[in-house]
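The structure appears below as structure tokens.
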Amino acid sequence: MQTSADTRRFLLTRPEVADLVGLSVASVDRAIRAGDLVALRIGPGRRLVRVRRSDILKWIDRGARTEEGHPDAA
């Protein structure tokens, strides 16, 4: 059984995601709004936004694959 402390390791806040991937919180918010990054709304009124680590990895992987085919990619 997972405790809330175990769950917190897998769920990150928007600022934590931004710090982890080296982007601004605004960029993370844009990715969430665009549907590129899956976010969960939890808590009372579903006001808290959290992102699973596994979804961050998928988002990064999709971005890397997209850039490989981009003509401006190095």
ILVMFWY cluster, Val25 and Ile32 together (side-chain gap under 4.5 Å):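 Hydrophobic grouping puts Val25 apart from Ile32.
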Ile60-Val38 co-clustered via ILVMFWY side chain contacts under 4.5 Å: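 In one cluster: no.
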side-chain contact (heavy atoms from CB on, under 4.5 Å) assessment of Val21 paired with Trp59: CA-CA 10 Å; Val21 298; Trp59 178 48; 4.1 Å; yes
Pairwise side-chain contact, Arg41 with Leu48, heavy-atom cut-off 4.5 Å (strictly under):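 Not touching, per the 4.5 Å side-chain cut-off.
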Asp61 side chain near Leu57 side chain, heavy-atom distance below 4.5 Å: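 A side-chain contact is absent here, since even the closest heavy-atom pair is not under 4.5 Å.
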Supply the atom-to-atom distance [X] [atom1] to [Y] [atom2], rounded to the nearest 0.5 angstrom.
{"X": "Leu11", "Y": "Arg53", "atom1": "CG", "atom2": "CZ", "answer": "9.5 Å"}
{"X": "Leu12", "Y": "Ile56", "atom1": "CG", "atom2": "CD1", "answer": "4.5 Å"}
{"X": "Ser24", "Y": "Asp19", "atom1": "OG", "atom2": "CG", "answer": "12.0 Å"}

Heavy-atom closest pair, residues Arg62 and Leu37: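 Minimum heavy-atom separation between Arg62 and Leu37: NH2-N, 4.5 Å.
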Contact summary for Val51 and Ala39, nearest pair of heavy atoms: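 Heavy atoms of Val51 and Ala39 come nearest at CG2-CB, 4.1 Å.
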Salt bridge (charged side-chain N to carboxylate O under 4.0 Å, His left out) against Arg52, all qualifying residues, sequence neighbours excluded: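 Salt bridge (charged side-chain N to carboxylate O under 4.0 Å, His left out) check on Arg52 returns Asp55.
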Test salt bridge (charged side-chain N to carboxylate O under 4.0 Å, His left out) applied to Asp29 - qualifying residues, sequence neighbours left out: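 Salt bridge (charged side-chain N to carboxylate O under 4.0 Å, His left out) list for Asp29, sorted by chain: Arg14.
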Chi angles and distances behind the side-chain contact (heavy atoms from CB on, under 4.5 Å) call for Thr13, Arg50: CA-CA 5 Å; Thr13 64; Arg50 298 294 183 267; 3.6 Å; yes
